[in-house]
Structures are given as C-alpha cells and as structure tokens.
**Student:** 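One structure coming up, written as structure tokens, with questions to follow.
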Amino acid sequence: MGQMIEFTRPDGASSPAYLARAAAANAPGLILLQEWWGLNDNIRATADRYAAAGFTTLAPDLYRGRQASDADEASHLMSGLSFADATHQDLAGALAYLRGAAGCPKVGVSGFCMGGALTVAAAVHVKGLSAASCFYGMPPADFAAPQDVGIPFQGHYADIDDWCTPEAVKAFVALLPPGADIHHYPAAHGFFNSSREHVYDAACADSAWQRTLDFLRRHLQG
C-alpha cells in the first residue's frame, strides 16, 4: 500500500520515510515511530494498517536504511541516535509534511519501544500535534518530562517488562497531566509486535489496537 518518500526537515536536510496514504483526501495524519529494530516490515505493515483504518501514516526511517537483526545491534543503533535531533528535526519535519504536502488537517503520533519514548518527546516538544499514543516507552526525564506533555496522551504498558518496569511506569504516569488515557496489559514488552512470536500477545494487541483507533479518531477526526 505504501511507498518510500523523502521529506524536508526544518534544518533543510532530507529524511526518508515510509508513507501509507488513507483513501480519503482529507484524512487525518499519523507519525508512526519505529522500535529499536528500525523501519522494518513490521512497522511498514503497521503503517499500512493505520492507513486502511483512515489515517495517512508517515513512518520516518530514523536509522537511514539500517535495520537490526538482534538485540545487540538494535542497542547499538539506538545508542547512536540523537533523540533531540530526531525529535526537533525528523518528527517536526514529518508533521510539516503531513499537514502540508499530504493535506492532513490534524496529525497525531504513535510509536513502540524506542518509538514510544520518542512519542512522549514529540508530545512535549513538537508543537502542532493533536494527540499521542505511546506503546511501552519512556524518554529520559531530563529530555522530555511527563508533566510537560501538552496534548491528549494515551499510554499502553506491559506488566512483564524489564525496561519500562511497572514501578517506573507508575512513577511516570503519576506525573502526567490529568486525563491521560493509560492502559496496562498482562503481557511482555513488545506484545504488539506480531513478528516476534515469543512476546506477541494477540488478545492484548487487539485490545490495544482498538483503544488506539478509538483514541485517535476522537482527537484527530472532525
């Protein structure tokens, strides 16, 4: 359904991304943010799925074509990514592209793991977004503090998670502005990723998907 495109960052540099267009010309937009594995087939398929649900979806390739095949490589790629550059340049540029060239009247952001952390960062730093839905991600508080989230926020967190631990999530959620839509799942980190059979949980993923669509439609449509 989608295709690779280039969009322009605020600094004038080009950034690659996967674009999946919704059928409607004036559909709302969504910035979809990758896990630490990279812009792989799973993220592209998720972008296509959002487009089929009515959201023109842009997934920036934050690793510029590189993908990880194991956790060590993924950790190396993520550690080499500047969250500040990705947030203030790639994500701001993605928003400008969706609101401009793609004709989206409202734009939200959603992401998984590393992309979930960047979703929070976008909700704090990228002005003009209308909603954020985060899957098991939290950025460093000194870069994007939860109390500074300024748009409607939804969070999906796993109860079996040694990165976004239940204790860390509890502390994070306590600092979010009132009204945040938070959900907990009896599953492992990465439970939404159907390409990773050892953590994928179909029931939890289906529930999170429907909640996300309901949330995004409420804040991005109309």
Side-chain angles (χ1 to χ4, degrees), residues 1-7 9 13-20 30-52 55 57-87 89-91 93-94 109-122 132-140 143-144 155-166 168-169 185-206 208-209 212:
M1 180 183 292
Q3 61 179 333
M4 292 299 297
I5 61 125
E6 297 272 339
F7 65 87
R9 300 170 11 138
S14 292
S15 185
Y18 182 78
L19 175 66
L30 182 69
I31 302 169
L32 182 63
L33 300 173
Q34 67 195 50
E35 295 173 302
W36 69 345
W37 306 109
L39 181 61
N40 57 19
D41 289 344
N42 176 66
I43 297 298
R44 288 184 175 88
T46 303
D48 290 341
R49 193 177 176 192
Y50 272 117
F55 301 92
T57 303
L58 187 69
D61 186 355
L62 300 176
Y63 291 164
R64 305 298 192 264
R66 292 173 295 174
Q67 294 181 25
S69 57
D70 57 48
D72 286 342
E73 186 179 8
S75 179
H76 174 73
L77 289 172
M78 184 175 72
S79 66
L81 180 71
S82 166
F83 271 37
D85 183 72
T87 300
Q89 296 296 329
D90 293 298
L91 305 191
V109 59
S110 184
F112 307 89
C113 182
M114 181 187 81
L118 286 168
T119 295
V120 180
S133 181
C134 166
F135 282 76
Y136 32 84
M138 294 182 294
F143 177 58
H156 304 278
Y157 292 98
D159 292 336
I160 308 167
D161 195 328
D162 57 7
W163 181 43
C164 293
T165 65
V169 170
Y185 301 85
H189 184 94
F191 68 83
F192 193 84
N193 189 339
S194 61
S195 71
R196 301 182 67 229
E197 294 182 358
H198 64 292
V199 294
Y200 176 61
D201 187 301
C204 291
D206 288 347
W209 174 249
T212 302

**Student:** List in chain and number order the residues that pass side-chain contact (heavy atoms from CB on, under 4.5 Å) with Ser75, two or more places apart in sequence or in another chain; answer none if no residue qualifies.
**Tutor:** Trp36
**Student:** Suppose the criterion is salt bridge (charged side-chain N to carboxylate O under 4.0 Å, His left out): which pairs have a residue in residues 185-206, not counting sequence neighbours?
**Tutor:** none
**Student:** Would a 4.5 Å heavy-atom cut-off, applied to side chains only, mark Leu32 and Thr46 as touching?
**Tutor:** yes
**Student:** Keeping to residues at least two apart or across chains, list the salt bridge (charged side-chain N to carboxylate O under 4.0 Å, His left out) pairs with something in residues 59-82.
**Tutor:** Arg64-Asp90
**Student:** For Leu62, does its backbone N or O pair with a side-chain atom of Gln34 as donor and acceptor, under 3.5 Å?
**Tutor:** yes
**Student:** Could you give the distance from CD1 (Ile160) to NE2 (His189), rounded to the nearest 0.5 Å?
**Tutor:** 13.0 Å
**Student:** Assign the ring pair Tyr136 / Phe191 to parallel, tilted or perpendicular, where the plane angle (0 to 90°) is split at 30° and 60°.
**Tutor:** perpendicular
**Student:** Could you give the distance from OG (Ser15) to CD (Glu6), rounded to the nearest 0.5 Å?
**Tutor:** 7.0 Å
**Student:** Please report whether the ring centroid of Trp37 lies less than 6.0 Å from that of Tyr63.
**Tutor:** no
**Student:** Any heavy-atom pair between the side chains of Ser133 and Thr119 that's under 4.5 Å?
**Tutor:** no
**Student:** Are any non-hydrogen side-chain atoms of Phe83 and Leu118 less than 4.5 angstrom apart?
**Tutor:** yes
**Student:** Within the side chain of Tyr185, is there an N or O that forms a donor-acceptor pair under 3.5 Å with the backbone of Tyr157?
**Tutor:** no
**Student:** For Phe112 and Phe135, take the angle between the two ring planes, folded into 0 to 90°, and tell me which bin it lands in: parallel under 30, tilted 30 to 60, perpendicular over 60.
**Tutor:** tilted
**Student:** Backbone N or O of Ala84 within a donor-acceptor pair of the Thr87 side chain at under 3.5 Å?
**Tutor:** no
